[in-house]
Amino acid sequence: ANQSVAEFLLEHDMPALFRVHEKPLVEKLEELRQFLGPFGLILGGGEDPHPKHYAKLIESIRFRDDKQLLQTVTLRSMKQAVYMPDNMGHFGLAFDTYTHFTSPIRRYPDLLVHRALKAVIAGKVKKDDIDKKALAEMGSHCSMTERRADDATRDVTHWLKCEYMLEH
């Protein structure tokens, strides 16, 4: 659904927020490869790896005792996904187009996508009626609040673990 809606909006030239996950930076790839080397692991693809190279690496560590560490370091080599009005694809999912559409009661970007979709279907809004700068600002804000919510979740989890351990 998320892919289909993104494609539909692009076909109708309707500005909306896309879920964008860019390719990893060359520096991050080099750091990851230096980290993996002593473990006897390789990330293929040179300076331009594809998601299949990451998938092959993740599959190769599936049954290792140090899997959690290796997965964490591997994931941190990639950029974080963000919301933006420019469709740049989703590297992690290996999709050319992607948006968030399926949770409009939980995520504001999904609601914005629903509104854009409804506008196209109703034929009421033309692309020139949309303020792309404001849409970009909304995307940045939503990306920032998503990170803040993730940080808060981690903080609460750490706090609850500490509270639990006080009794033990």
Side-chain angles (χ1 to χ4, degrees), residues 1-7 10 16-113 135-168:
N2 292 326
Q3 265 187 293
S4 295
V5 168
E7 290 168 3
L10 284 171
L17 287 180
F18 294 91
R19 185 66 170 174
V20 173
H21 187 230
E22 295 181 78
K23 292 182 175 186
L25 297 171
V26 173
E27 299 83 31
K28 289 287 192 177
L29 292 170
E30 182 58 35
E31 289 173 15
L32 175 61
R33 289 189 171 108
Q34 286 178 2
F35 179 82
L36 295 173
F39 291 93
L41 298 168
I42 297 171
L43 173 67
E47 289 186 5
D48 190 26
H50 294 269
K52 66 181 177 185
H53 296 113
Y54 273 85
K56 186 175 180 180
L57 172 62
I58 295 297
E59 178 62 27
S60 73
I61 64 175
R62 194 166 125 198
F63 298 110
R64 291 177 60 124
D65 292 338
D66 52 2
K67 168 185 154 181
Q68 190 64 42
L69 169 67
L70 296 168
Q71 279 183 332
T72 299
V73 172
T74 300
L75 288 175
R76 288 188 179 162
S77 74
M78 293 192 279
K79 290 185 172 188
Q80 291 183 317
V82 295
Y83 295 105
M84 60 175 32
D86 300 314
N87 175 47
M88 298 173 65
H90 197 292
F91 177 82
L93 296 175
F95 293 151
D96 292 332
T97 57
Y98 194 74
T99 191
H100 275 166
F101 164 77
T102 55
S103 299
I105 62 170
R106 290 189 298 126
R107 288 188 298 238
Y108 189 65
D110 298 50
L111 180 63
L112 294 176
V113 170
L135 191 60
E137 289 171 3
M138 283 186 258
S140 293
H141 181 76
C142 289
S143 297
M144 181 271 301
T145 57
E146 179 182 51
R147 302 288 173 256
R148 193 172 60 198
D150 289 344
D151 290 344
T153 299
R154 273 190 292 279
D155 289 348
V156 169
T157 301
H158 292 315
W159 177 75
L160 290 171
K161 286 178 185 176
C162 290
E163 187 174 274
Y164 173 80
M165 291 307 293
L166 282 173
E167 299 173 18
H168 299 74

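Throughout, numbering of the chain's residues begins at 1 and tracks the sequence.
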Report task. Could you label the plane-to-plane angle of the Tyr54 and Phe91 rings as parallel, tilted or perpendicular, counting under 30° as parallel and over 60° as perpendicular? Result ->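 Judged by the thresholds at 30° and 60°, the geometry between Tyr54 and Phe91 is perpendicular.
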Query raised in the report: By salt bridge (Lys or Arg N to Asp or Glu O under 4.0 Å), which residues pair with Asp155, not counting sequence neighbours?
Result: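 None.
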Query raised in the report: Under a 4.0 Å N-O cut-off, is there an ion pair linking Arg154 with Asp151?
Result: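 Yes, this pair counts.
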Report task. For the pair Glu59 and Lys56, evaluate salt bridge (Lys or Arg N to Asp or Glu O under 4.0 Å) and give the outcome as yes or no after the intermediate values. Result -> CA-CA 5 Å; Glu59 178 62 27; Lys56 186 175 180 180; over 6 Å; no
Show me the side-chain donor-acceptor pairs of residues 78-89 shorter than 3.5 Å, one per line, residues at least two apart or across chains.
unit_1, atom_1, unit_2, atom_2, d
Gln80, OE1, Arg147, NE, 2.7
Tyr83, OH, His100, ND1, 2.7
Asn87, OD1, Gly89, N, 3.4
Asn87, ND2, Asp96, O, 3.2

What's the spacing between [X] [atom1] and [Y] [atom2] if we round to 0.5 Å?
X: Ile58; Y: Ser60; atom1: CD1; atom2: OG; value: 7.5 Å
X: Arg19; Y: Phe95; atom1: CZ; atom2: CZ; value: 13.5 Å
X: Leu32; Y: Arg76; atom1: CG; atom2: CZ; value: 12.5 Å
X: Gln71; Y: Asp66; atom1: CD; atom2: CG; value: 10.5 Å
X: Ile42; Y: His53; atom1: CD1; atom2: NE2; value: 11.5 Å
X: Leu93; Y: His21; atom1: CG; atom2: NE2; value: 8.5 Å

Note, [X] side chain near [Y] side chain (heavy atom, < 4.5 Å):
X: Phe39; Y: Leu69; result: yes
X: Leu41; Y: Phe35; result: no
X: Leu70; Y: Lys67; result: no

If you look only at distance, which donor and acceptor atoms sit under 3.5 Å apart when one is on a side chain in residues 24-31 and the other is two or more places apart or in another chain?
unit_1, atom_1, unit_2, atom_2, d
Glu30, OE2, Gln34, NE2, 3.1

Nearest atoms (heavy-atom pairs only) where [X] meets [Y]:
X: Asn2; Y: Tyr98; value: ND2-OH, 3.1 Å
X: Pro49; Y: Gly44; value: CB-O, 3.4 Å
X: Ala1; Y: Thr102; value: CB-CG2, 4.0 Å
X: Asp110; Y: Ser103; value: OD2-N, 2.8 Å

